[in-house]
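Naming: A, B, ... by sequence-line order, numbering from 1 per chain.
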Protein chains: 2
Amino acid sequence: MYAPSEAARRSGFSLDTLRYYEKIGLLSGVGRTSGGRRVFTDDDLGWLVLFRCLRDTGMPIAQMCRYAALAREGEHTAGERKALLEEHATRVEEQMRLLQHQYDHLREKIRYYEDVTGAG
Amino acid sequence: MYAPSEAARRSGFSLDTLRYYEKIGLLSGVGRTSGGRRVFTDDDLGWLVLFRCLRDTGMPIAQMCRYAALAREGEHTAGERKALLEEHATRVEEQMRLLQHQYDHLREKIRYYEDVTGAG
DNA sequence: GCTTGACCTGGAGTGCGCTCCAGGTTGGAG
DNA sequence: CTCCAACCTGGAGCGCACTCCAGGTCAAGC
């Protein structure tokens with residue numbers, strides 16, 4: 001059981017983002033105290049960690065919503081969810097290749113400056 | 001000497017983006033035909049390739065403008081430009097580490113589905 | 001000389017993912 | 001009991017990087 005600020009700290013999302021994720025239905029079923037304040041469970045935190053992973057790897061929010069909706073539908077969507085993640089993983093691999101490629105370019109450019117400015 | 005469409009094709013930017021980059025002063029001194037149409041030189045293309053590299057690695061446009069402005073100021077800004085690229089390269093390295101880390105998470109998650117759905 | 005498609009300009013609009021705000025409530029510390 | 005920081009809601013606003021549009025121009029091919 002975590003207070004909103006604690007959930008934010010642990011997930012790396014801002015409070016506003018947590019509220020936003022709930023508002024758009026990405027995160028659902030977040031509990032409330034009698035006073036109306038959010039209570040995050042370990043399960044919620046698990047979701048947030050996954051969302052962190054997917055966002056950091058560039059998945060659009062709409063796709064995360066799709067994934068979350070499938071998960072809510074039950075066990076029989078496991079195959080579809082897996083396929084979704086695999087497609088994403090493939091895109092991430094491409095992204096990593098491109099990033100590496102352009103990083104090499106960048107390093108080359110810097111090496112050029114090293115020659116021009118007389119090392120340094 | 002390249003027509004706008006050819007420059008777009010070679011750089012991977014859209015025509016609108018090329019015009020936009022000129023409008024905000026990122027790309028400057030692009031020539032014109034007597035009829036007012038853009039003519040891109042190999043030098044312009046060189047800049048576009050660099051911009052492609054910097055964008056693909058996540059550099060904000062404002063920073064690319066700064067770099068381009070320094071380059072326009074002359075040779076004496078070479079050190080500053082190099083520093084700018086090096087700082088960026090460091091950020092890219094962090095980005096690559098994070099991406100790799102989250103990719104590993106993603107693969108783990110997929111492996112979990114493999115166990116659950118009975119391989120496949 | 002007419003058509004057609006690539007191109008021009010200035011400016012408005014879009015999509016994404018938050019982020020901020022106003023105005024009000026809650027709940028633990030002193 | 002009072003204070004104050006953390007929290008609530010609904011909704012507006014923002015920053016970025018384009019992207020699209022209207023209305024017009026240019027030039028190669030028939």
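- For B:R19 and B:P60, each mapped to the nucleotide of DNA chain D holding its nearest heavy atom, the one lying further toward the 5' end belongs to B:P60.
- In this structure, A:L26 atom CG and C:dC16 atom C1' are separated by 14 Å, rounded to whole Å.
- Residues of residues 30-58 of chain A having a heavy atom closer than 4.0 Å to DNA chain C, listed by number: A:T33, A:G35, A:R37, A:R55.
- Taking 4.0 Å as the cut-off between side-chain N and carboxylate O, B:R66 and B:E80 count as a salt-bridged pair.
- Ion pairing between A:R19 and A:E22 fails under the 4.0 Å rule for side-chain N and carboxylate O.
- The distance between atom CD of B:E22 and atom P of C:dC8, rounded to the nearest whole Å, is 8 Å.
- C:dC18 atom P lies 11 Å from atom CG of A:L18, rounded to whole Å.
- Cluster membership check: B:Y103 shares its hydrophobic cluster with B:Y112, using side-chain heavy-atom separations under 4.5 Å among Ile, Leu, Val, Met, Phe, Trp and Tyr.
- Atoms CG (B:L27) and P (D:dA17) sit 16 Å apart, rounded to a whole Å.
- A:I61 CD1 to A:I24 CD1: the interatomic distance, rounded to the nearest 0.5 Å, is 5.0 Å.
- Side chain A:D16 to base C:dC18: no donor-acceptor pair is found below 3.5 Å.
- Shortest non-hydrogen contact noted between B:R72 and B:L26 is NH2-O, 3.2 Å.
- Ionic pairing of B:R9 and B:E6 is present here: one or more N-O contacts between side-chain nitrogen and carboxylate oxygen are shorter than 4.0 angstrom.
- Between B:E93 and A:R107 a salt bridge is recorded (basic side-chain N to carboxylate O distance below 4.0 Å).
- Between B:D56 and B:R52 there is a salt bridge, since at least one side-chain N of the basic residue sits less than 4.0 Å from a carboxylate O of the acidic one.
- Expressed to the nearest 0.5 Å, how far SG of B:C65 lies from CG of B:L70 amounts to 11.0 Å.
- Residues of residues 2-15 of chain A having a heavy atom closer than 4.0 Å to DNA chain C, listed by number: A:S14.
- When the P atom of C:dG10 is taken as reference, atom CD1 of B:I24 falls 15 Å away, rounded to whole Å.
- Phosphate contact (OP1/OP2 of D:dC18, side-chain N/O of B:Y21, threshold under 4.0 Å): present.
- Distance from the side chain of A:T17 is smallest to C:dC18 among D:dG11, D:dA17, C:dC18.
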